[in-house]
Amino acid sequence: QVQLVESGGGLVQAGGSLRLSCAASGRTFSSFAMGWFRQAPGKERDFVATIGWYGTTTYYGDSVKGRFTISRDNAKNTVYLQMNSLKPEDTAVYYCAARTSGAPARVRDQYAYWGQGTQVTVSS
């Protein structure tokens with residue numbers, strides 16, 4: 001079993017930055033691919049970014065490419081999402097997810113474990 005706890009969300013002005021963290025329990029974290037997804041009110045949960053188990057392979061959603069960076073520290077069982085140049089349309093609840101395969105994935109259904117989410121609000 002893996003438990004994921006997100007932190008770092010909050011209110012920020014457009015153009016600002018936030019860094020989200022996701023702390024994972026369990027000894028197998030380093031073998032899992034990790035992902036970030038987000039869900040705005042009334043919308044589906046969308047893919048944001050994913051990172052492979054070793055940290056060298058990453059993929060991003062088109063809307064965040066060039067602005068967001070996903071990274072991980074396997075020694076700390078933590079994955080991060082650095083968000084720069086934030087826009088009001090980035091406002092959403094951000095979820096961390098883990099999949100038991102080490103390969104990164106863009107598809108929500110390929111993730112077995114989810115955190116509770118952290119709210120990010122970007123004001124204009």
Side-chain angles (χ1 to χ4, degrees):
Q1 193 75 0
V2 176
Q3 292 186 326
L4 305 173
V5 179
E6 302 97 334
S7 62
L11 174 64
V12 64
Q13 288 188 333
S17 298
L18 282 175
R19 189 176 81 154
L20 306 184
S21 299
C22 173
S25 65
R27 295 176 296 173
T28 54
F29 171 81
S30 61
S31 66
F32 289 174
M34 301 295 294
W36 286 97
F37 291 76
R38 67 186 182 186
Q39 187 168 18
K43 295 189 176 181
E44 292 190 351
R45 192 171 297 187
D46 292 332
F47 167 71
V48 175
T50 181
I51 187 167
W53 71 274
Y54 195 65
T56 56
T57 303
T58 58
Y59 301 111
Y60 296 91
D62 289 341
S63 62
V64 307
K65 205 171 295 184
R67 299 188 297 123
F68 290 11
T69 302
I70 188 171
S71 61
R72 67 189 296 161
D73 186 339
N74 287 343
K76 296 182 178 179
N77 278 15
T78 302
V79 63
Y80 305 97
L81 185 67
Q82 178 67 43
M83 305 186 295
N84 298 329
S85 302
L86 282 162
K87 306 174 181 179
E89 51 263 45
D90 293 319
T91 295
V93 177
Y94 282 71
Y95 295 91
C96 172
R99 65 184 308 239
T100 54
S101 167
R106 298 178 175 91
V107 179
R108 183 180 59 200
D109 291 347
Q110 294 184 359
Y111 288 82
Y113 303 102
W114 292 84
Q116 293 299 308
T118 185
Q119 177 71 47
V120 171
T121 303
V122 184
S123 64
S124 57

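Residues: numbered from 1 along the sequence shown. Note that the coordinates shown come from a computational prediction; the quantities given were computed from them, not determined experimentally.
- One finds a salt bridge joining D62 and K65 here, because a Lys/Arg side-chain nitrogen approaches an Asp/Glu carboxylate oxygen to under 4.0 Å.
- Distance CG/D90 to OG1/T121: 11.0 Å, rounded to 0.5 Å.
- Atom CE in M83 sits 11.0 Å away from atom OG1 in T69 (nearest 0.5 Å).
- T78 contributes no side-chain N or O that, together with a main-chain N or O of A23, makes up a donor-acceptor pair within less than 3.5 Å.
- Here L18 contributes atom CG and Y94 contributes atom OH; the two are 9.0 Å apart, rounded to the nearest 0.5 Å.
- Residues Y111 and A105 come closest through the heavy atom pair OH-O, 2.6 Å.
- Here the closest heavy-atom approach between residue A49 and residue L81 is recorded as CB-CD1, 4.2 Å.
- Surrounding CD of Q3 are at most 12 heavy atoms belonging to other residues, nucleotides or ligands under 6.0 Å away.
- In this structure, Y95 is not a member of the same hydrophobic cluster as W36, with clusters built from ILVMFWY side-chain heavy atoms closer than 4.5 Å.
- Between N84 and S17, the shortest heavy-atom distance links the atoms OD1-OG, 2.9 Å.
- Residues A92 and A40 share a closest heavy-atom pair of CB-N, 3.8 Å.
- Remark: the backbone N or O of C96 is paired with a side-chain donor or acceptor of E6 at under 3.5 angstrom.
- Judged by distance alone, the side chain of S85 and the main-chain N or O of G15 form no donor-acceptor pair under 3.5 Å.
- Rounded to the nearest 0.5 Å, atoms OG1 (T91) and CZ (R38) are 9.0 Å apart.
- Atom CZ of F47 is separated from atom OH of Y59 by 9.5 Å, given to the nearest 0.5 angstrom.
- Taken to the nearest 0.5 Å, the OH atom of Y60 stands 6.5 Å off from the CD1 atom of I70.
- Of all heavy-atom pairs spanning A24 and F29, the tightest one is CB-CD1, 3.4 Å.
- In the hydrophobic cluster analysis, where Ile, Leu, Val, Met, Phe, Trp and Tyr join through side-chain heavy atoms closer than 4.5 angstrom, L86 is grouped apart from F37.
- Hydrophobic clustering (side-chain heavy atoms under 4.5 Å, transitive across Ile, Leu, Val, Met, Phe, Trp, Tyr) groups V122 together with V64.
- Judged by a 6.0 Å distance limit and a 45° cone about the ring axis, R72 is not positioned over the six-membered ring of F32.
- Note: the hydrophobic cluster containing W114 does not contain I51 (ILVMFWY, side chain heavy atoms under 4.5 Å, direct or indirect links).
- Formation of a donor-acceptor pair under 3.5 Å by the R108 side chain with backbone atoms of R45 is found in this model.
- The side-chain heavy atoms of Y113 and T100, taken from C-beta on, include a pair separated by under 4.5 Å.
- The number of heavy-atom neighbours closer than 6.0 Å to CD of Q116, taken from other residues, nucleotides and ligands shown, is 12 or below.
- What you find for C22 and M34 is that their closest heavy atoms are SG-CE, 4.4 Å.
- V12 is connected to V48 through a chain of hydrophobic side-chain contacts under 4.5 Å among Ile, Leu, Val, Met, Phe, Trp and Tyr, so both are in one cluster.
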